[in-house]
Amino acid sequence: MKIATWNVNSLKVRLPHVTEWLATNRPDALCLQELKLEDKAFPEAELEAVGYRSVFNGQKTYNGVAILSPHAMTDIVRDIPGFDDVQRRIIAATIGDVRIVCGYFPNGQAVGSEKFAYKMRWLEALTVWLREEMKSHPRLVLTGDFNVAPQPRDAHPDWKDEIHVSEPEREAFRALEQLGLEDVFRRFDQDDASYSWWDYRMGAFRRNFGLRIDHVLATKALAERCSACIIDKAPRRLERPSDHAPVVAQFDL
DNA sequence: ATGGCAACTAGAAGTTGA
């Protein structure tokens, strides 16, 4: 089972990239973030045309998440249960016996800001919910744009901002790991300076000035069956790219 | 030190992202 995540930074703009990528890579699930469109504008038919069904949780202008799959998806959950939030950042679905949770984690803007406080509250609520969710789903994947670079090697050494690399954010990431979720990217040898996001400015992609903030975490039962995890930089080289690259994990079930 | 790019809404310039 191939599971991928991609922050597309506007599904409207990136739809040609997404359909092309699906046709080439044929994942069993593609989790999308930052749709930036309302549900009524979701391009269901265009994705159907390349063989993918969609479940989505969108909003105007900001946020918005979706899961695309050629398979049936059941038990759809939108938003973190019990967490009052107008921002559409979570969608979950079950494919076979694998529970997939797709998240667009808050950015946080700056350590100490109002938005940072929201980010930390959101992370706590997610962790509380997943602890329960994992009890009924031994095979669970948490994937998406975490907006956290979990370790020093996941950020370019010259990244000077605190946001995405601060200790509270990294502690929250570790709390997810302590639930029993593993960052499967690190099961394998990877290039030094492996990143999944590069700023549009300053020729950041060309200079590989980036962050690894898009992740695939899996429960032990799944992680031990993971046979590959890569960052696919090809779409970042296209005309009008998303600033994020897809991350792809293969599970041999 | 600053802003730099892109997408959004709006219909100009301001906000947000990471």
Side-chain angles (χ1 to χ4, degrees), chain A residues 5-18 21 31-43 56-66 85-90 102-123 126 143-173 183 185 193-216 231 233 235-247:
Chain A
T5 182
W6 193 3
N7 178 324
V8 289
N9 184 24
S10 168
L11 183 55
K12 183 182 172 183
V13 173
R14 232 63 67 194
L15 184 59
H17 291 188
V18 171
W21 195 85
C31 296
L32 300 177
Q33 303 88 38
E34 283 208 85
L35 308 178
K36 296 187 173 181
L37 45 77
E38 291 177 287
D39 286 350
K40 65 183 181 192
F42 191 93
F56 41 89
N57 185 19
Q59 75 179 81
K60 193 176 176 178
T61 314
Y62 301 114
N63 310 310
V65 286
D85 192 357
V86 296
Q87 304 188 33
R88 304 280 84 98
R89 296 181 173 279
I90 285 285
C102 166
Y104 173 48
F105 294 36
N107 174 302
Q109 200 170 54
V111 175
S113 67
E114 191 70 34
K115 286 176 181 171
F116 188 79
Y118 164 70
K119 182 177 194 171
M120 299 312 296
R121 280 201 311 278
W122 191 94
L123 282 160
L126 176 72
T143 188
D145 176 0
F146 285 53
N147 269 314
V148 179
Q151 296 179 17
R153 60 180 167 168
D154 298 315
H156 190 282
D158 293 338
W159 179 264
K160 294 302 182 203
D161 281 344
E162 283 184 281
I163 196 65
H164 310 302
V165 301
S166 74
E167 192 45 40
E169 290 164 272
R170 285 178 167 169
E171 199 176 303
F173 188 93
D183 178 359
F185 186 76
S194 285
Y195 306 129
S196 64
W197 169 86
W198 303 261
D199 201 302
Y200 284 119
R201 298 165 288 185
M202 292 173 57
F205 183 66
R206 177 178 50 76
R207 299 187 296 120
N208 195 32
F209 187 96
L211 300 171
R212 190 175 73 93
I213 52 178
D214 301 271
H215 306 295
V216 181
I231 296 169
K233 290 165 82 168
R236 189 62 177 77
R237 300 188 184 97
L238 298 172
E239 198 93 2
R240 275 190 105 181
S242 168
D243 44 356
H244 294 254
V247 181

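Numbered from 1 within each chain, the chains take letters A, B, ... in sequence-line order. When reading the values below, keep in mind they use all heavy atoms of this one structure, side chains included, and skip hydrogens, waters and symmetry mates.
- Comparing the same atom, P, in B:dA6 and in B:dT2 gives a spacing of 23 Å after rounding to whole Å.
- The same atom, P, is picked in B:dA10 and in B:dC5; the two are 25 Å apart, to the nearest Å.
- A gap of 28 Å separates the C1' atoms of B:dA12 and B:dA1, to the nearest Å.
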Please walk me through it: do A:Phe56 and A:Asp39 pass side chain to side chain contact (heavy atoms under 4.5 Å, CB included)? CA-CA 7 Å; A:Phe56 41 89; A:Asp39 286 350; 3.4 Å; yes
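- The nearest whole Å value for the distance from the CZ atom in A:Phe209 to the C1' atom in B:dG3 is 14 Å.
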At under 4.0 Å between heavy atoms, how does the protein contact nucleotides 12-17 of chain B? Give one character per nucleotide, 5' to 3', with B, S or -. ----SB
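- Between A:Trp159 and A:Phe209, the two ring planes are tilted [angle within 30° to 60°].
- In this structure, A:Arg236 atom CZ and B:dA18 atom P are separated by 13 Å, rounded to whole Å.
- Per the geometry, NZ belonging to A:Lys60 stands 14 Å off C1' belonging to B:dA7, to the nearest Å.
- Within 4.0 Å of A:Ile163, counting heavy atoms only, lies no atom of the nucleic acid at all.
- In this structure, NE2 of A:His17 is placed 13 Å from C1' of B:dA6, rounded to the nearest angstrom.
- The only option from A:His164, A:Arg212, A:Lys119 that meets the side chain to side chain contact (heavy atoms under 4.5 Å, CB included) definition with A:Val148 turns out to be A:Lys119.
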What verdict does the side chain to side chain donor-acceptor pair (under 3.5 Å) test give for A:Lys36 and A:Asn9, after you've listed the backbone C-alpha separation in whole Å, the side-chain angles of each residue and the deciding distance to 0.1 Å? CA-CA 7 Å; A:Lys36 296 187 173 181; A:Asn9 184 24; 2.8 Å; yes
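- Going from the P atom of B:dT9 to that of B:dG3 covers 25 Å, rounded to whole Å.
- OP1 or OP2 of B:dA6 has not a single side-chain nitrogen or oxygen of A:Arg14 nearer than 4.0 Å.
- In terms of position on DNA chain B, the residue among A:Trp197 and A:Pro241 whose nearest nucleotide sits closer to the 5' end is A:Pro241.
- Going from the C1' atom of B:dA13 to that of B:dA18 covers 22 Å, rounded to whole Å.
- With respect to the salt-bridge test (charged N to carboxylate O, under 4.0 angstrom), the residues A:Asp158 and A:Arg207 do not qualify.
- Formation of a donor-acceptor pair under 3.5 Å by the A:Asp85 side chain with backbone atoms of A:Gln87 is found in this model.
- Ring orientation note: the planes of A:His215 and A:Phe173 are nearly perpendicular, at an angle over 60° on the 30°/60° scale.
- Nucleotide B:dA18 holds its P atom 10 Å from the CG atom of A:Leu211, rounded to whole Å.
- At whole-Å resolution of the value, CD in A:Glu239 and C1' in B:dA6 are 14 Å apart.
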